[in-house]
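Note: hydrogens, waters and symmetry copies are ignored here, and every other heavy atom, side chains too, is used.
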Amino acid sequence: MPTYQAPLRDYQFVLNELLNIYQRTELKGFDEIDAELGDAILQGVADFTTEVMLPLNSSGDVEGCKLVDGKVIAPKGFADAYQQYVDNGWATLTCDPEYGGQGLPESIGVFATEMKTATNMAFAMYPGLTHGAYAAIHAHGSDSLKQKYLDKLVSGEWTGTMNLTESHAGTDLALLRTKAVAAGEGLFAISGEKIFISSGDHDLAENIIHLVLARLPDAPEGVKGISLFAVPKIMVNADGSLGQANSLCASALEHKMGIHGNSTCVMNFDGAIGELIGEAHEGLRAMFTMMNQARLGVGVQGLGVSEIAYQNALIYAKDRIQGRGLSGVKDPQQAADPILVHGDVRRMLMAQKSFNEGARALIGQQALWLDEAERHPDAEKAKAANKLAALFTPIVKGFITDRGFNACVDAQQVFGGHGYIHEWGMEQFVRDIRIAMLYEGTNGVQALDLVGRKLMSDKGATLMAWSEMVKTLIAENMNNDAMKPYLAGLMDASGDLEKATQFMAVNAAKNPDVLGAGSMPYMQILGITVLAWMWTRTAATALAALEAGTQDTAFYQGKLKTAQFYMSYWAVQTRSLRKQIESSSELITQFDEADF
């Protein structure tokens with residue numbers, strides 16, 4: 001069975017040194033936390049995830065969920081583990097104290113999520129979706145709806161889902177057919193079928209609150225005619241007690257490639273009673289609150305599973321002996337050298353390590369932007385942070401899951417033939433994380449959202465604001481010779497990004513299809529460049545610590561070596577991606593159907 005060591009030291013570095021969150025006392029609620037409290041919380045999550053969640057990961061994958069007499073049963077041990085999760089208060093970390101939450105920053109909560117997804121991605125999805133349902137109701141629900149549902153969702157006693165997809169309509173929600181008709185007293189009867197509903201039914205909690213997109217009879221066509229409803233599995237009485245079962249059920253379980261421990265359901269709503277969340281015909285706006293939460297969570301899945309795969313590949317590479325180093329025998333006491341001596345094994349491991357640590361820094365920054373957007377007293381600064389978080393949401397979801405999946409494949413490759421065998425865990429990691437590139441909008445959709453909506457909506461103003469941050473970082477460190485290797489990589493990557501952006505803008509004006517043709521390599525360029533930005537900041541922070549006489553020299557020197565590897569291995573890839581956009585985008589648009 002795979003092992004896992006929570007990267008607590010790296011969390012300390014990102015939170016306390018790179019982002020300095022404990023000094024951000026101008027943000028609402030940040031004055032109530034410090035490094036000691038943050039460390040204690042993350043240590044507690046680390047203990048729970050490694051001791052309770054990890055042992056269920058492989059068994060849950062083998063057993064999977066079962067649909068018995070119309071009810072879904074989660075794998076053995078999941079219900080008990082979930083009850084421990086609730087009893088320990090882990091569901092409440094970042095929720096509003098008014099409804100029983102602890103009010104912690106997202107920038108701490110996001111690393112709790114990383115540990116959960118690393119140790120048991122399928123299990124972590126149950127509370128993950130619940131948090132998204134909480135966020136949507138908290139942001140858009142009426143006071144009565146909040147009073148009815150939020151306390152139970154925050155505590156984890158009830159769970160939540162998101163019901164968007166229908167069999168004839170994937171990402172194109174304008175095509176959805178689920179109907180909602182008035183049923184009196186502010187209630188609505190929801191009828192329709194939804195597919196791919198994660199955590200749609202299970203035996204972990206006594207009630208499930210489904211957030212369902214549907215159309216009212218007077219709804220206009222398209223996405224402007226969609227409303228969002230809260231539809232409980234079990235009706236809730238006026239006093240908060242549970243009543244009769246609602247008219248909905250899981251009619252089937254999807255047979256899928258991975259995340260077998262999570263119940264991916266076909267959900268049927270047959271006049272099920274629900275209540276409107278927000279305004280009529282404004283459901284997509286409310287649902288996007290949940291979807292953006294989910295997209296951050298999916299990006300964290302890409303990192304979390306990549307991290308545990310890397311850790312186990314590294315252990316294996318140190319233990320497995322095979323062949324001799326090309327430059328000579330490294331361990332004469334054994335019949336062969338550990339495979340860690342081989343250059344290609346090192347390449348794969350360093351590619352994983354440098355990606356994981358860079359992605360962790362970016363996810364921390366993304367979470368801090370979200371905290372600033374919600375908690376900053378200066379409305380203009382809050383708005384600016386919100387725009388940055390929106391711009392980089394496709395990067396967190398799309399780029400990190402793309403590269404996280406590749407990292408898991410590399411980790412599997414380190415194991416050779418053993419990587420194909422279930423007992424080592426690598427093949428499960430590859431199967432599980434593959435879904436992250438598909439759900440919550442495929443990564444192709446994320447790339448198109450980046451270039452078609454995020455960049456074009458403000459004519460690149462937010463990207464330019466971030467580019468100014470990059471230029472400021474370069475200017476501040478230009479006279480420091482020790483920073484030159486990192487600055488060189490960042491400048492090259494940001495230069496390619498600027499040229500690719502100009503190419504897309506100019507050519508899209510003549511042929512809008514160029515945006516779609518170049519969107520994926522463009523997302524990769526921006527992803528690589530923003531990680532180069534994070535690694536440059538990391539290098540500056542590490543150098544400052546070493547100059548100050550830190551006792552933890554090995555940690556900071558390791559950061560510098562990894563940063564240099566990132567610049568020499570990852571950052572140089574922006575050149576070929578930029579060339580690819582410039583040389584192939586127009587050609588892609590010119591192919592006729594008969595040419596395929």
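Counting only distance, with no hydrogens or angles, the side chain of S584 and the backbone of I581 share no donor-acceptor pair below 3.5 Å. The backbone N or O of M125 sits nowhere less than 3.5 Å from a side-chain atom of N262 that would complete a donor-acceptor pair. With hydrogens and angles disregarded, a donor-acceptor distance shorter than 3.5 Å links the side chain of D432 to the backbone of I259. Not one N or O on the side chain of T442 forms a donor-acceptor pair closer than 3.5 Å with the backbone of L438. Panel note: side chain N356, backbone K353; no donor-acceptor pair is recorded below 3.5 Å. Although no hydrogens or angles enter the test, the distance criterion places no donor-acceptor pair under 3.5 Å between the side chain of H376 and the main chain of E26. Judged by distance alone, the side chain of K559 and the main-chain N or O of T541 form no donor-acceptor pair under 3.5 Å. With H342 contributing its side chain and Q322 its backbone, the two residues share a donor-acceptor pair below 3.5 Å. The main-chain N or O of P338 is never found under 3.5 Å from a side-chain atom of R320 such that the two would form a donor-acceptor pair. In this structure, the side chain of K194 does not engage the main chain of T165 through any donor-acceptor pair within 3.5 Å.
Using a 4.0 Å cut-off between charged nitrogen and carboxylate oxygen, D344 and R347 count as a salt-bridge pair. The pair R360-E357 does not meet the salt-bridge criterion, since no charged nitrogen lies less than 4.0 angstrom from a carboxylate oxygen. Between K387 and D458, none of the side-chain N atoms (NZ, or NE/NH1/NH2) sits under 4.0 Å from a carboxylate O, so this pair counts as no salt bridge. The pair E114-K116 does not meet the salt-bridge criterion, since no charged nitrogen lies less than 4.0 angstrom from a carboxylate oxygen. With salt bridges taken as basic N to acidic carboxylate O contacts below 4.0 Å, one links R431 and D61. One finds no salt bridge joining E374 and K381 here, because no Lys/Arg side-chain nitrogen approaches an Asp/Glu carboxylate oxygen to under 4.0 Å.
The shortest distance between side-chain heavy atoms of L526 and W466 falls below 4.5 Å. The closest side-chain heavy-atom distance from N163 to L211 is not below 4.5 Å. The shortest distance between side-chain heavy atoms of T472 and M469 does not fall below 4.5 Å. Side-chain atoms of Q366 and I395, non-hydrogen and from C-beta on, never get closer than 4.5 Å to each other. Considering only heavy atoms from C-beta on, N16 stays 4.5 Å or farther from I21 through its side chain. Looking at heavy atoms from C-beta onward, N443 lies in side-chain contact with Q446 at the 4.5 angstrom threshold.
Side-chain atoms of Q428 and H422 include no donor-acceptor pair closer than 3.5 Å. Between E282 and S227, the side chains place no donor N or O within less than 3.5 Å of an acceptor N or O (distance only, hydrogens not considered). Under 3.5 Å, the side chains of Q311 and Y316 contain no donor-acceptor pair of N or O atoms.
The six-membered or imidazole ring of F555 lies near that of F13, with a centre-to-centre distance under 6.0 Å. Remark: aromatic rings of W570 and F565 are distant, center separation not under 6.0 Å.
Shown are Q301, R295, K397; of these, the side-chain hydrogen bond (donor to acceptor under 3.5 Å, both in side chains) with Y439 is made only by Q301.
Counting heavy atoms of neighbouring residues, nucleotides and ligands inside a 6.0 Å radius, atom CZ of R177 does not exceed 12 of them.
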Show the numbers, then the answer: is there a side-chain hydrogen bond (donor to acceptor under 3.5 Å, both in side chains) between S585 and N507? CA-CA 9 Å; S585 297; N507 287 273; over 6 Å; no

Is there a side-chain hydrogen bond (donor to acceptor under 3.5 Å, both in side chains) between T589 and D513 once you walk through the steps? CA-CA 6 Å; T589 69; D513 287 334; over 6 Å; no

